[in-house]
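Only a predicted model underlies this, so the values are computations on that prediction, with no experimental measurement involved. We count ligands from 1, going down the list as the structure has it; atoms in each ligand are counted the same way.
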Amino acid sequence: MGERPSMILRGARLAGGAAPVDKTVVDVAVAGDRIVAVAPALPGAEGAEEIALDGRLLFPGFVESHVHLDKSALTDRCAGAPDLPSAIAAVAAEKRAFTVEDIHARASETLTRCVLHGATAMRTHVEADPRIGLRGFEAIKALREDFAWAIDLQICVFPQEGLTNDPGTEALLDQAVREGADLIGGCPYADTDPTAQIARIFSLAREYDLDIDFHLDFHLDPARMDLGEICRMTEAHGMGGRVAAGHVSALSALPPDEAAAWARRMADAGVALTVLPATDLFLMGREARHLTPRGVAPAHDFHRCGVTCSLATNNVLNPFTPFGDGSLLRMANLYANAAQLGAAEDHALCFDMVSSAPARLMGLDYGVREGARADLVALDARSEAEAVATLAPPLFVVKNGRRTVTRPAPVLHGPGVDRPAPGPV
Ligand SMILES: [Zn+2]
């Protein structure tokens with residue numbers, strides 16, 4: 001086992017297997033910030049903390065690939081909006097008054113919720129434009145340091161209100177990437193010239209060797225999609241595997257054969273898909289008075305076609321989505337419900353889209369295996385499918401070999417006896 005373990009987790013079921021419930025349980029030993037052994041019945045080690053999992057699911061944590069910490073927790077100032085332009089306008093009106101301290105406080109609150117729900121890595125989008133300047137970026141950059149003990153944070157700066165139509169924005173994006181932003185985003189649907197914005201974002205990404213994460217085709221009109229241009233530019237710039245597209249709700253308005261053609265196109269080009277079910281469900285189809293469309297792109301179908309697909313939170317408690325507790329498992333559950341997925345294998349796939357798939361998108365060292373970083377989350381469930389179906393809470397979280405969250409199992413106070421609530425096994 002090499003280095004003496006500081007912690008041994010016993011009786012873990014590991015995520016990633018096909019047969020959910022009858023997988024062999026293993027023990028996992030941690031030393032320093034690494035996993036040093038994964039095997040059945042590991043020997044004890046003097047001084048090591050022993051944690052009994054009793055067959056519960058252990059995995060490296062949820063990976064949030066798309067969330068807006070900077071404009072989260074705003075519902076005391078502005079309510080849920082009736083449509084996308086109203087949501088953008090509501091935040092645009094508020095954000096002139098945002099201070100670094102205000103953004104930091106609200107983002108801390110949301111990030112804490114995410115950590116408590118088992119997120120160990122995150123990509124957060126941060127707005128930069130002449131209204132907000134770089135105050136959001138500065139606040140989130142400080143947060144990245146403040147929460148480094150609990151979560152790895154990637155910062156994606158992007159122009160929420162347009163680029164070519166908003167003088168001064170490009171210089172701010174440029175400054176942010178020079179001052180530590182990890183990647184750059186685009187939002188062509190908010191621009192008066194979407195194609196020109198896409199060209200500028202690719203140009204900046206190439207100049208600084210950055211990945212790109214677009215907000216894309218957030219509407220239900222397949223006739224005006226920018227996805228083809230994104231795929232074309234990704235290939236032209238040799239950036240396959242480094243470009244993601246969020247929402248792409250227009251894909252939900254297509255018949256299956258046309259959607260499948262887009263899936264093949266995205267897989268070929270190496271463009272990832274990030275679906276944001278809470279915001280998509282809240283803002284799409286508002287023009288309908290009955291038989292309202294869901295507006296959620298079929299990520300599970302695209303995943304099966306070889307596209308790297310994530311499900312993510314997007315907005316929390318703001319005009320875009322006046323809900324949210326930072327639980328990615330809730331996003332997987334919400335997606336499965338909206339997409340009408342009932343089979344255990346589909347629920348397991350939804351789990352994959354909030355864990356290993358976004359980890360791949362973000363290029364993370366991710367896995368419960370010897371030598372890997374000791375990021376470990378135990379859920380009160382026996383399998384990925386059960387976790388998604390029951391919204392199983394995380395019982396504890398380990399980040400870089402150090403315990404960061406403990407959630408005690410509930411206790412039932414029955415007649416004459418207090419006993420732990422029945423666990424998953
Ligand atoms: Zn977003």
Engineer: Mind checking side chain to side chain donor-acceptor pair (under 3.5 Å) for Thr124 and listing every partner two or more places apart, or none if nothing turns up?
Structural biologist: none
Engineer: Listing by chain and number, which protein N, O or S atoms are under 2.8 Å from the Zn ion (ligand 1)?
Structural biologist: His66 NE2, His68 NE2, His215 NE2, Asn314 OD1
Engineer: Please check if any side-chain donor atom of Tyr208 sits under 3.5 Å from a side-chain acceptor atom of Asp174, or the reverse.
Structural biologist: yes
Engineer: Once ring pair (Phe, Tyr, Trp, His ring centres under 6.0 Å) is applied, do any residues pair with His219, and if so which ones, sequence neighbours excluded?
Structural biologist: none
Engineer: Looking at Arg135 and Arg131, would you say the former's side chain and the latter's main chain have a donor-acceptor pair under 3.5 Å?
Structural biologist: yes
Engineer: Keeping Asn318 on the side-chain end and Lys71 on the backbone end, is there a donor-acceptor pair under 3.5 Å?
Structural biologist: yes
Engineer: Please tabulate, for the side chains in residues 354-364, all donor-acceptor contacts under 3.5 angstrom to protein atoms that are two or more places apart in sequence or on a different chain.
Structural biologist:
from, atom 1, to, atom 2, distance (Å)
Ser355, OG, Phe351, O, 2.7
Ser356, OG, Asp352, OD1, 2.1

